[in-house]
Protein chains: 2
Amino acid sequence: MTVKEVSEKYKITQDTLRYYERVGMIPEVTRTSGGIRSYQQKDLDWVELAICMRSAGLPVEVMIQYVQLCKEGESTIPARLELLQKQREALHMQREQLDTTLDRLNYKIKKYEKAIDTGKLNWD
Amino acid sequence: MTVKEVSEKYKITQDTLRYYERVGMIPEVTRTSGGIRSYQQKDLDWVELAICMRSAGLPVEVMIQYVQLCKEGESTIPARLELLQKQREALHMQREQLDTTLDRLNYKIKKYEKAIDTGKLNWD
DNA sequence: GTAATACTTGGAGTTAACTCAAAGTCAAGA
DNA sequence: TCTTGACTTTGAGTTAACTCCAAGTATTAC
């Protein structure tokens, strides 16, 4: 697949795909003899992983570290595990905060709905 | 409360507090005759709301709009409701994405744990 | 009253994560 | 072969959300 096809498949710009590769957030993509990107399944797997992590707010920097560790071989498996566990912890906290905010939003929304319903506000 | 006290209470910098006020993410804070901020309960409520929304990733711009609507009076209640509902929807989607990513992280973590446990990787 | 400290503003600087532009190279069709 | 359009890189520009700085004013301690 060309960069254009991949960008369409994942709804992400070509610039972003090239950027991810340039900064090392995904390993070097397979190229044709002419130097043009030709994404293979393993390249697509990396792209998908990168997009998934980014869409949850995981920093680019963290993915760069992970990719770096993967390149260094199996000896880095404990380090990779630790990195992933740390990120999971961060996402759990993020989730809790999200729920707290959702509760607050729901509370306010109910207030407004009632206000519109009864025609008056009885604010706290 | 002074800006310093508020910054300590909510673990946020004074600069950020002033920034929030300057851009209109919270209404103008009560001042002393000398022009120094003196946060009252209602000011603190706004600060707390702003921090809560921001910590869930809700854009500053959205809070600015909300504050603006509040200033314009009760006629904007339907608009405020709509704004809040839209943000709730966005947070719900964000939450789903977070869960998807967490699933993926958990899968990888289990793989690595097993690899360390058995001393070998049986990758997919 | 004066020194020290905390506050004020306006505006410039920073960071993360893209996003765009320019100038050149590659590949497919007439 | 020539043209057209997609691809390449390097490097600069943009956006959101702060973050910092300088110069000045207010408050508090002595």
Side-chain angles (χ1 to χ4, degrees), chain A residues 1-40 43-44 46-47 49-68 87 90-91 94 97 101, chain B residues 1-40 43-44 46-47 49-68 87 90-91 94 97 101:
Chain A
M1 284 181 111
T2 67
V3 70
K4 185 181 189 194
E5 288 164 343
V6 177
S7 82
E8 281 161 0
K9 180 171 166 64
Y10 293 112
K11 286 150 196 359
I12 182 181
T13 71
Q14 301 178 34
D15 270 321
T16 300
L17 279 167
R18 286 189 277 251
Y19 165 74
Y20 282 176
E21 184 178 354
R22 181 171 42 170
V23 299
M25 193 172 148
I26 58 173
E28 294 73 26
V29 169
T30 313
R31 305 289 183 119
T32 66
S33 53
I36 287 177
R37 288 174 183 81
S38 171
Y39 290 80
Q40 306 303 306
D43 301 312
L44 295 178
W46 275 110
V47 167
L49 178 66
I51 290 172
C52 182
M53 295 300 141
R54 280 299 301 132
S55 63
L58 207 136
V60 166
E61 186 55 37
V62 171
M63 270 300 288
I64 293 174
Q65 283 172 32
Y66 180 71
V67 168
Q68 189 52 44
Q87 295 313 310
L91 290 195
Q94 205 177 310
Q97 182 53 59
T101 305
Chain B
M1 284 181 111
T2 67
V3 70
K4 184 177 190 199
E5 288 164 343
V6 177
S7 82
E8 282 161 358
K9 180 171 165 66
Y10 293 112
K11 286 151 194 359
I12 182 180
T13 71
Q14 302 178 32
D15 270 322
T16 300
L17 279 167
R18 286 189 277 250
Y19 165 73
Y20 282 175
E21 184 178 354
R22 182 170 42 170
V23 299
M25 193 173 147
I26 59 173
E28 295 74 25
V29 170
T30 311
R31 305 291 182 117
T32 66
S33 54
I36 287 178
R37 289 174 183 81
S38 171
Y39 290 79
Q40 306 304 307
D43 301 313
L44 296 177
W46 275 109
V47 168
L49 179 66
I51 291 172
C52 181
M53 295 300 141
R54 279 300 301 132
S55 63
L58 207 136
V60 166
E61 185 55 37
V62 171
M63 269 301 286
I64 294 174
Q65 283 171 33
Y66 180 72
V67 169
Q68 189 53 47
Q87 296 312 311
L91 290 195
Q94 205 177 310
Q97 183 54 58
T101 305

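Computed over heavy atoms, backbone and side chain alike; hydrogens, waters and symmetry mates excluded. Naming: A, B, ... by sequence-line order, numbering from 1 per chain.
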Answer yes or no: does a side-chain N or O of B:T32 lie under 4.0 Å from OP1 or OP2 of D:dT27? yes
query: OP1 or OP2 of D:dC7 sitting under 4.0 Å from any side-chain N/O of A:T2?
result: yes
Can you check the [X] [atom1] to [N] [atom2] distance for me, whole Å?
X	N	atom1	atom2	result
A:Q14	C:dC20	CD	P	12 Å
B:M1	D:dT27	CE	C1'	18 Å
B:I12	D:dT19	CD1	C1'	12 Å
A:K4	C:dA27	NZ	C1'	15 Å
B:Y39	C:dA6	OH	C1'	14 Å
A:M25	C:dA16	CE	C1'	12 Å
A:L17	D:dT9	CG	C1'	16 Å
A:I64	C:dT15	CD1	P	16 Å

Would you indicate which nucleotide in [options] comes nearest to any side-chain atom of [X]?
X	options	result
B:R37	C:dC7, D:dT8, C:dT9	C:dT9
B:D15	D:dT8, D:dA17, D:dC21	D:dC21
A:V60	D:dT19, C:dT8, C:dC18	C:dC18
B:Y19	D:dC18, C:dC18, D:dT8	D:dC18
A:R22	D:dC7, D:dG11, C:dC7	D:dG11
A:I36	C:dC7, D:dC18, D:dC7	D:dC7

Go through A:I36 and A:T2 one step at a time and tell me if the side-chain contact (heavy atoms from CB on, under 4.5 Å) criterion holds. CA-CA 8 Å; A:I36 287 177; A:T2 67; 5.7 Å; no
* Is the closest basic N to carboxylate O distance between A:R31 and A:E21 below 4.0 Å? -> yes
Pair B:R54 + B:E61: basic N to acidic O under 4.0 Å | no
- Query: Counting any heavy atom closer than 4.0 Å, what does B:R18 reach on the DNA or RNA strands: base, sugar-phosphate only, or nothing?
  - Reply: base
Give one of base, sugar-phosphate or nothing for B:V3, where a contact means two heavy atoms less than 4.0 Å apart. sugar-phosphate
What verdict does the side-chain contact (heavy atoms from CB on, under 4.5 Å) test give for A:L17 and A:S7, after you've listed the backbone C-alpha separation in whole Å, the side-chain angles of each residue and the deciding distance to 0.1 Å?
CA-CA 7 Å; A:L17 279 167; A:S7 82; 3.8 Å; yes
side-chain contact (heavy atoms from CB on, under 4.5 Å) between B:R37 and B:T30, worked out = CA-CA 6 Å; B:R37 289 174 183 81; B:T30 311; over 6 Å; no
Nearest-nucleotide check on DNA chain D, B:G35 vs A:E5; residue mapping nearer the 5' end is A:E5
